[in-house]
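Structure, as structure tokens:
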Amino acid sequence: MESTRRGTMILLALAAATVAAIGMSSIRHILAPVILTLILTICAHPVRVAMEKRGVPHGLATGSVILVVFLLLAGFIFALIIAFAQFVTMLPQFAGQLAQLGTVVTEWLGSIGIGTEQTQAIIKGIDPGKLVALATGLFGSVFSITGSLVIILTMLILMAADAVYVPTILRQLAVTQKDLVVALTSYASNVRRYMVVTTVLGVVQGVLNTLVLFVLHVPAAILWGLLAFLCSFIPNVGYFLAIIPPMVFGFFVGGWSTMIAVVIAYGLINGVVQSIIQPRVVGNAVALSQSLTFFSVLFWAVVFGPIGAILAIPLTLIFRAVLVDSDPKVRLWRPAIGDVTETRRLLMEDDAVAKEARRTRRGERRGDEESP
């Protein structure tokens with residue numbers, strides 16, 4: 001009876017999650033900018049608090065933070081528009097090489113047994129004219145993103161103003177919901193550390209990639225640098241999304257040597273920044289398993305589109321904070337979803353015990369062999 005009830009509850013929870021995901025996806029054009037604004041507000045909140053501690057009035061401190069965040073967003077969008085414009089202008093110059101690439105791909109697909117109809121469909125997708133139309137469509141979507149800045153700016157003003165009351169509200173809520181307040185406070189701290197560190201390291205990564213591409217004379221280096229910056233927020237798959245375009249155009253302008261140089265440079269920069277520096281700085285702020293991280297990227301990308309992939313970690317962390325961290329009974333499942341600090345210690349102890357047992361067995365066998 002108990003197992004049947006648990007199964008029913010799981011099915012109902014999955015059904016509710018599916019309905020909620022479909023609902024969020026249907027209003028993604030409104031919800032995505034709002035969520036982005038919430039994350040930006042959380043990241044900028046300490047700046048406003050620091051200004052207020054120095055005697056700056058609430059209104060002036062809030063206005064200063066809003067202005068800085070909006071200028072950063074506007075500057076990024078402007079750079080993106082310029083980069084896309086250069087890309088659209090540059091793309092027709094490589095029409096012949098793109099067509100040749102399509103022929104090579106067709107021959108290779110045919111050699112591994114893929115039918116003619118499928119290969120022709122792929123060739124039509126690589127057609128230079130369609131690529132120009134695709135780039136133009138993306139260029140137009142940038143203006144759509146610029147229009148979303150109106151929503152972001154409005155929500156940024158309102159959220160930043162409301163943030164003045166957040167500490168008091170949390171103090172009131174802590175009387176009856178202490179675990180929830182602790183979970184939300186921890187979430188704000190963790191997501192702030194993750195986003196700030198990822199942004200700084202993403203800028204470094206994008207600048208280094210752009211400089212390398214400039215040295216290698218790869219076209220649209222600024223665009224690929226911006227792409228590397230954005231993809232630094234996408235765990236697991238971001239690197240592969242960022243490296244493909246410069247690889248292709250590097251091959252067009254410099255052949256295999258340039259293409260290999262791009263792969264090596266991207267691999268070194270990405271490996272040092274994301275595999276060595278970022279984990280040390282972020283620490284246990286994320287604490288999500290690799291499988292769950294990858295699934296969250298896929299899931300939020302389906303729900304919110306590209307911005308969902310970029311905000312996959314903060315979105316997953318807020319649901320973990322509300323559904324797992326706020327409940328002491330459910331919090332015991334944290335190791336199963338990635339918080340393996342204690343689990344890693346236990347595993348090291350088990351490995352040490354197993355190693356000592358193997359050493360003992362080898363000693364016993366050696367003693368048996370030496371005995372008459």
Side-chain angles (χ1 to χ4, degrees), residues 36 39-40 42-47 50 68-69 72-73 75-76 79 186-216 218 221-247 250 260-297 300 306-307 309-317 320 334 337-345 347-348:
L36 175 60
I39 301 300
L40 292 174
I42 292 173
C43 294
H45 184 70
V47 178
V68 170
V69 173
L72 289 175
L73 285 174
F76 176 75
S186 177
Y187 166 77
S189 176
N190 290 337
V191 79
R192 187 183 301 121
R193 181 192 302 176
Y194 169 78
M195 291 298 293
V196 171
V197 170
T198 304
T199 299
V200 173
L201 294 181
V203 170
V204 173
Q205 192 173 341
V207 170
L208 292 178
N209 289 335
T210 301
L211 293 176
V212 169
L213 296 178
F214 268 125
V215 172
L216 296 175
V218 177
I222 296 177
L223 177 61
W224 310 137
L226 290 172
L227 180 63
F229 167 72
L230 288 175
C231 290
S232 67
F233 291 90
I234 306 176
N236 303 127
V237 297
Y239 168 74
F240 300 100
L241 296 175
I243 197 175
I244 292 176
M247 277 177 54
I260 293 173
V262 170
V263 173
I264 294 174
Y266 266 63
L268 289 174
I269 295 171
N270 179 80
V272 171
V273 172
Q274 293 192 358
S275 301
I276 298 178
I277 299 177
Q278 186 175 19
R280 293 179 179 273
V281 180
V282 173
N284 203 40
V286 175
L288 295 174
S289 67
Q290 294 296 320
S291 302
L292 181 58
T293 299
F294 182 64
F295 175 77
S296 68
V297 171
W300 293 115
I307 196 166
I310 294 173
L311 297 179
I313 297 299
L315 287 168
T316 304
L317 290 179
R320 189 188 71 181
R334 275 181 62 100
I337 60 177
D339 189 1
V340 293
T341 303
E342 180 66 15
T343 307
R344 190 181 294 112
R345 185 186 64 80
L347 180 61
M348 292 176 63

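Worth knowing before you read on, the calculation uses all heavy atoms, side chains too, and leaves out hydrogens, waters and symmetry mates. Numbers here simply count residues along the sequence, with the first being 1.
Across all their heavy atoms, V286 and L317 have their closest contact at O-CD2, 3.5 Å. Here the closest non-hydrogen pair linking L213 and A221 is CB-CB, 3.7 Å. For the pair Y194 and P314, the tightest heavy-atom approach, listed with the atom from each and the gap, is CE2-CD, 4.1 Å. Taking every heavy atom of both residues into account, I42 and R192 meet most closely at O-NE, 2.9 Å.
Separation of atoms CG (N209) and CG (L226) is listed at 11.0 Å; rounding is to 0.5 Å. Distance CG/L292 to CD1/I337: 6.5 Å, rounded to 0.5 Å. Put simply, CG on N270 and CD1 on I276 are 10.5 Å apart, with the number rounded to the nearest 0.5 Å. The OH atom of Y266 sits 10.5 Å away from atom CG of L208, with the distance rounded to the nearest 0.5 Å.
For I260, the side-chain contact (heavy atoms from CB on, under 4.5 Å) partners at least two apart in sequence or on another chain are I264. For L230, the side-chain contact (heavy atoms from CB on, under 4.5 Å) partners two or more places apart in sequence, or in a different chain, are F76, I310. Legend: residues meeting salt bridge (charged side-chain N to carboxylate O under 4.0 Å, His left out) with R193, ordered by chain and number and at least two apart, are absent. Applying the side chain to side chain donor-acceptor pair (under 3.5 Å) test to W224 and every residue at least two apart in sequence or in another chain returns nothing. For A261, the side-chain contact (heavy atoms from CB on, under 4.5 Å) partners two or more places apart in sequence, or in a different chain, are L216. Judged as a side chain to side chain donor-acceptor pair (under 3.5 Å), and not counting sequence neighbours, T210 has no contacts. Under the rule for a side chain to side chain donor-acceptor pair (under 3.5 Å), S296 has no partner lying at least two apart in sequence or in another chain. With sequence neighbours left out, the side chain to side chain donor-acceptor pair (under 3.5 Å) criterion links T199 to no other residue. A search for side-chain contact (heavy atoms from CB on, under 4.5 Å) contacts involving I277 returns L201, V272, V281, not counting sequence neighbours.
The closest donor-acceptor contact from the side chain of N190 to the backbone of S186 lies under 3.5 Å. Listed for the R320 side chain is a donor-acceptor partner under 3.5 Å among the backbone atoms of A287.
The side-chain heavy atoms of L311 and M195, taken from C-beta on, include a pair separated by under 4.5 Å. Counting heavy atoms from C-beta on, the side chains of W300 and T316 come closer than 4.5 Å.
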Expected list for residues 232-244: side-chain donor-acceptor pairs under 3.5 angstrom, two or more places apart:
residue : atom : partner : partner atom : Å
S232    : OG   : F229    : O            : 2.5
N236    : ND2  : Q290    : OE1          : 3.2

Evaluation steps, side chain to side chain contact (heavy atoms under 4.5 Å, CB included), between V215 and L211: CA-CA 6 Å; V215 172; L211 293 176; 5.5 Å; no
Step by step, work out the side chain to side chain contact (heavy atoms under 4.5 Å, CB included) result for I269 and V212. CA-CA 10 Å; I269 295 171; V212 169; 4.2 Å; yes
